[in-house]
Amino acid sequence: MINIKKHGILLKKTHLPFENDSVLNPGVFQEDTILHLLYRAVRKGNYSTFGYCKLNGPLAIMERDDTPLIIPFAEEDSHGIEDPRIVKIEDTFYITYTAYNGINALGALVTSTDLKTFKREGIIVPKITFDEFKRLAECNNLINAKYFRHVRHFEPSENIFLWDKDVVFFPRKINGKLAFLHRIRPGIQLVMVNHLKELTKDFWDHYFLHFNQHIILDPVGINHESGYIGAGAPPIETELGWLLIYHGVYDTSEGYIYSAAAALLDIDNPLKVIARLENPLFTPEFEYELKGVVNNVVFPTGTALFYDTLYIYYGAADKCIAVASVSLKELLKELMLNKINHDSNSTNP
């Protein structure tokens, strides 16, 4: 059994106008013992920007900015920028987030070389309607039927797109290619390209015609992640493969419950799942996780490693930022007890 230690709340909302409603879902970049946190800061009225905080070690706050580090750039994120994740590939920081314009929620990217100035790369996921997606993806009947259970909140329109969130880059190129995860409900998918300029309409049309070949993980069983799942923190390179900390969602009569989960992906071919925990890594249990803007939520988005201790930074009840930790060796050992048999007819990928 894995021993999870919860360290409690790290950051709360303040009186400052840009974060007077809640703070949550931080991206984390580790530089030796210094941690850079870019977090979602929400002002009253549900308008999100990114705040910045620096830690000395896993838990000690060194400094915290009193103004947003990044604000919305364009009409496509006019209602806010949400849920940043951050990696550094070679000399460039890749900061992914969800751009929200009040209707569409789509994965976007900014880059930086110094975390002081930022270049807007824009939306990097497809702007595709649900009907277009269904027309292409249903050509292959090997995918989970949940992909086609779309609930429209608006009348069909060419300006209303399929939500594509939780964009997370791998922290280095794989076989010379940029690799990132994204989430079209209910699963987690993989994109690998030589350059972001390849992400054209033709690219995505071909991608969706062969959509089943790009799915890494789908929900399984009737457990903690049976509703849908999504990428969490950037994958962590280990001697056994890429460790993926992600979130799983379970639909109950009282609403969704968000849990943290873990899987292990092949180091050279992340589409191959080596192992996957059958049980959640951790779940909402304390008041700050059970009651908030959205109840029953732990939403991991960043990690840091100090010796053998892996610290996991997460949004708690969409209200505050909290921290949990686990032995990396213990977690990998548990994962290897839950290896995927690719020769069986298992429902796991």
Side-chain angles (χ1 to χ4, degrees), residues 83 85 87 94 96 98 107 124-126 133 136-137 140 142-148 162-175 177-193 199 203-204 206-221 223-238 240-249 258-278 280-281 299-301 303 331-332 335-336 338-349:
D83 306 343
R85 276 81 156 190
V87 300
Y94 288 70
T96 51
T98 297
I124 62 170
V125 298
F133 163 75
L136 293 168
N140 190 318
L142 299 178
I143 67 174
N144 192 323
K146 285 186 176 181
Y147 283 99
F148 304 130
L162 182 70
W163 281 23
D164 194 339
K165 304 173 66 175
D166 297 322
V167 175
V168 181
F169 274 83
F170 285 73
R172 67 165 173 83
K173 292 182 178 180
I174 299 176
N175 300 321
K177 294 179 178 286
L178 290 167
F180 66 84
L181 306 174
H182 66 124
R183 198 282 302 283
I184 294 173
R185 283 191 187 185
I188 299 173
Q189 301 89 37
L190 173 71
V191 172
M192 296 182 70
V193 291
L199 299 174
F203 173 92
W204 288 115
H206 185 270
Y207 184 90
F208 288 125
L209 279 170
H210 305 276
F211 189 54
N212 65 305
Q213 299 176 17
H214 306 290
I215 299 170
I216 291 181
L217 293 172
D218 267 347
V220 293
N223 58 8
H224 61 285
E225 57 179 54
S226 59
Y228 58 91
I229 60 178
I236 302 160
E237 188 169 6
T238 76
L240 298 179
W242 293 105
L243 172 61
L244 179 63
I245 306 296
Y246 64 99
H247 68 267
V249 183
Y258 282 71
S259 298
L264 194 64
L265 313 177
D266 185 84
I267 205 71
D268 294 315
N269 178 19
L271 285 168
K272 181 180 179 180
V273 182
I274 297 171
R276 182 177 187 177
L277 292 186
E278 290 187 0
L281 187 57
F299 193 87
T301 47
T303 62
L331 176 54
L332 291 175
L335 276 163
M336 296 309 288
N338 290 270
K339 294 181 70 173
I340 303 298
N341 182 2
H342 292 276
D343 295 326
S344 72
N345 293 321
S346 170
T347 56
N348 286 327

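Position 1 is the first residue of the sequence, and the numbers go up from there.
Ring geometry for Phe169 versus Tyr94: interplanar angle of 30 to 60°, hence tilted.
Using a 4.5 Å heavy-atom threshold, the side chains of Trp163 and Arg185 count as separate. The shortest side-chain heavy-atom distance between Leu162 and Ile184 falls under the 4.5 Å cut-off. Annotation: side chain of Ile267 is not in contact with side chain of Leu240 (no heavy-atom distance under 4.5 Å). Put simply, the side chain of Leu244 does not reach to within 4.5 Å of the side chain of Pro234, judged on heavy atoms. Looking at heavy atoms from C-beta onward, Ile216 lies in side-chain contact with Leu265 at the 4.5 angstrom threshold. With a 4.5 Å cut-off on side-chain heavy atoms, Leu136 and Phe211 do not count as touching. Taking the side chain as every heavy atom from C-beta outward, Glu278 and Asn223 never approach each other to under 4.5 Å. Between Phe133 and Phe208 there is a side-chain heavy-atom pair separated by less than 4.5 Å.
Distance CG/Asn144 to CG/Asn212: 12.0 Å, rounded to 0.5 Å. Within the model, atoms NZ of Lys272 and CG of Leu264 stand 11.0 Å from one another, a figure rounded to the nearest 0.5 Å. Considering CG of Leu277 and CG of Asn338, their distance stands at 5.5 Å, rounded to 0.5 Å. Note that OG1 of Thr98 is 6.0 Å distant from CG of Asp166, once rounded to the nearest 0.5 Å. To the nearest 0.5 Å, atom CG of residue Leu331 and atom CG of residue Leu281 are 6.0 Å apart. In this structure, CD1 in Ile245 is found 5.5 Å from CD1 in Ile236, a value given to the nearest 0.5 Å.
Scanning all heavy atoms of the two residues, the minimum distance from Ile174 to Asp268 falls at CG2-O, 3.6 Å. The two residues Pro186 and Lys146 make their nearest non-hydrogen contact at CG-CB, 3.6 Å. A pairwise comparison of heavy atoms in Glu225 and Gly248 identifies CB-CA, 3.7 Å as the closest pair. Residues Pro219 and Gly227 share a closest heavy-atom pair of CG-O, 3.8 Å. The shortest non-hydrogen separation linking Arg85 to Gly232 is NE-O, 2.9 Å. Of all non-hydrogen atoms in Leu181 and Pro235, the two that sit nearest each other are CD1-CG, 4.2 Å.
Around atom NZ of Lys339, no more than 12 heavy atoms belonging to other residues, nucleotides or ligands sit under 6.0 Å away. Counting non-hydrogen atoms of neighbouring residues, nucleotides and ligands closer than 6.0 angstrom, the NE2 atom of His206 reaches no more than 12 such neighbours.
A distance-only check finds no donor-acceptor pair linking the side chain of Arg276 to the backbone of Leu335 [under 3.5 Å]. The backbone N or O of Val167 lies less than 3.5 Å from a partner atom in the side chain of Thr96, making a donor-acceptor pair.
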Walk me through whether Tyr207 and His182 qualify under ring-ring contact (aromatic ring centres under 6.0 Å, His included). CA-CA 13 Å; Tyr207 184 90; His182 66 124; 5.7 Å; yes

One pair to check against side chain to side chain contact (heavy atoms under 4.5 Å, CB included): Trp242 and Phe170. What are the steps and the verdict? CA-CA 9 Å; Trp242 293 105; Phe170 285 73; 3.8 Å; yes

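Partners of Tyr228 by ring pair (Phe, Tyr, Trp, His ring centres under 6.0 Å), not counting sequence neighbours, listed by chain and number: Tyr256. Looking at residues two or more places apart in sequence or on another chain, you find a ring pair (Phe, Tyr, Trp, His ring centres under 6.0 Å) between His247 and Tyr258, Phe299. Every residue two or more places apart in sequence or in another chain that forms a salt bridge (charged side-chain N to carboxylate O under 4.0 Å, His left out) with Glu237 is listed here: Arg172. In terms of the side-chain hydrogen bond (donor to acceptor under 3.5 Å, both in side chains) criterion, Asn269 has no residue partners (sequence neighbours excluded). Partners of Gln189 under the side-chain hydrogen bond (donor to acceptor under 3.5 Å, both in side chains) rule, at least two apart in sequence or in another chain, are Tyr147. Residues passing the salt bridge (charged side-chain N to carboxylate O under 4.0 Å, His left out) test with Asp164, sequence neighbours excluded: none.
With no hydrogens or angles considered, no side-chain donor-acceptor pair links Tyr246 and Arg183 at under 3.5 Å.
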